[in-house]
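Throughout, protein chains are lettered first and strands after them, A, B, ... in sequence-line order, and every chain is numbered starting at 1.
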2 protein chains.
Amino acid sequence: MDAVDRQIIAALRVNGRATYADLGRQVGLSASAVHERVGKLESTGVITGYHAVVEPTAVGLGVTALVGIVPTDTGDNEEIAEALAELPEVESCYAVAGDEAFVVKVRVPTVDELERTLGRLRRIDGVARTRTTVVLSTRFEGRPNNAEVAPG
Amino acid sequence: MDAVDRQIIAALRVNGRATYADLGRQVGLSASAVHERVGKLESTGVITGYHAVVEPTAVGLGVTALVGIVPTDTGDNEEIAEALAELPEVESCYAVAGDEAFVVKVRVPTVDELERTLGRLRRIDGVARTRTTVVLSTRFEGRPNNAEVAPG
DNA sequence: ATCTGCCGGTCGACAGCGTCCACGGCGCCA
DNA sequence: TGGCGCCGTGGACGCTGTCGACCGGCAGAT
């Protein structure tokens, strides 16, 4: 992976629908060469996908929370992670150091639904309790740190 | 916004580079009609953008942390949020209920760099202290809750 | 009832793009 | 030196993006 790959990555993180021709013009290669490079970045797992980002409230997901997951003494983290992945409202899942084994971000339509989700989380085998931080607003999210990837 | 819009949104959240023709075949409209709808979803801010998702470690961002920001008694949340937004390593920023005013997710290359970032966070006017949760691994992230958006 | 305007659709033209492949240049190694 | 792998260009061809003309359905006004 060289500086040109990094430029391509940075550009696609900003605009995931950029055409190969656009990218080529940006990095000084032909569209075919860019296509080849992007294909390689995808097949090697550097680029894992392209996604539209949607304003959550516009699609009815008006409640966001960060939930710490505290395991039981005998809980198995792999199994807990698998169970967390089964819940569609769990958008992100981080294994963390500390009392909590995981912090998850959930998005649901209402506070009632959040309560139900918390119940579901607590019913996972190996989960002792949860610690909920209600998000009042999402100031920004998923912003790529392109300063490190393609400096300049 | 109707059920077809929701289908389009769901499909674009899965594959942000889907062609209008692909989407049209999925929802039973012509490419032009889909293009028109997508344009409207973009211009009304429902779809805020399209982004490549990149494996952080592949681009040198091997350290992730969730950092709670505890404000001083006189700290101004708007000013803190603006300062947080100035730091490229801060990928996400949530205003939260509780002791902390914000929780931010930071991604940096090394633990040394994390320490520097924490210093920068603590030096923001209005920030009393930070509480860091080191992420050991990102199990998954930014997964769209399409079950709510386009059930089916 | 009819008429009008709006909305959302199809269709087609045309420039541009995506995909694939042939080919060439360059660097490295035996 | 020659051979190989890598990475690039360029071209062919089907597909797509963009735009505009046109149409039909629906709601509201007369």
Flag the pair Glu91(A) and Arg143(B) as a salt bridge only when some basic side-chain nitrogen lies within less than 4.0 angstrom of an acidic carboxylate oxygen. no

Out of dC7(D), dT9(D), dG9(C), which nucleotide sits closest to the side chain of Arg37(B)? dG9(C)

With the side chain counted from C-beta on, respond yes when Tyr94(B) and Val104(B) share a heavy-atom pair under 4.5 Å apart, and no when they do not. no

Could you work out which one of dG9(C), dT16(D), dG18(C) sits closest to the side chain of Asp22(B)? dT16(D)

Side-chain ion pair, Asp2(B) and Arg37(B), N-O less than 4.0 Å: yes

Specify the separation, in whole Å, of atom NZ of Lys40(B) and atom P of dC7(C). 7 Å

From CG of Asp2(A) across to C1' of dC7(D) the rounded distance in Å is 10 Å

Between OH of Tyr20(A) and C1' of dG10(D) the distance, given in whole Å, is 18 Å

Against the side chain of Leu29(B), the closest entry in dT9(D), dT10(C), dT18(D) is dT10(C)

Could you check Thr19(B) against Ala33(A) and say which one's nearest nucleotide on DNA chain D is further toward the 5' end? Ala33(A)

Rounded to the nearest angstrom, tell me the gap between atom NE2 in His35(B) and atom C1' in dT10(C). 15 Å

Nearest whole angstrom, please: distance from the P of dT16(D) to the CG of Leu23(B). 11 Å

Any side-chain heavy-atom pair from Arg116(A) and Arg120(A) closer than 4.5 angstrom? yes

5'-most contact on DNA chain D: Arg17(A) or Ser32(A), nearest heavy atom basis? Ser32(A)

How many Å lie between CE on Met1(A) and P on dC7(D), as a whole number? 14 Å

Rounded to whole angstrom units, what separation is found between the CZ atom of Arg25(B) and the P atom of dG17(D)? 10 Å

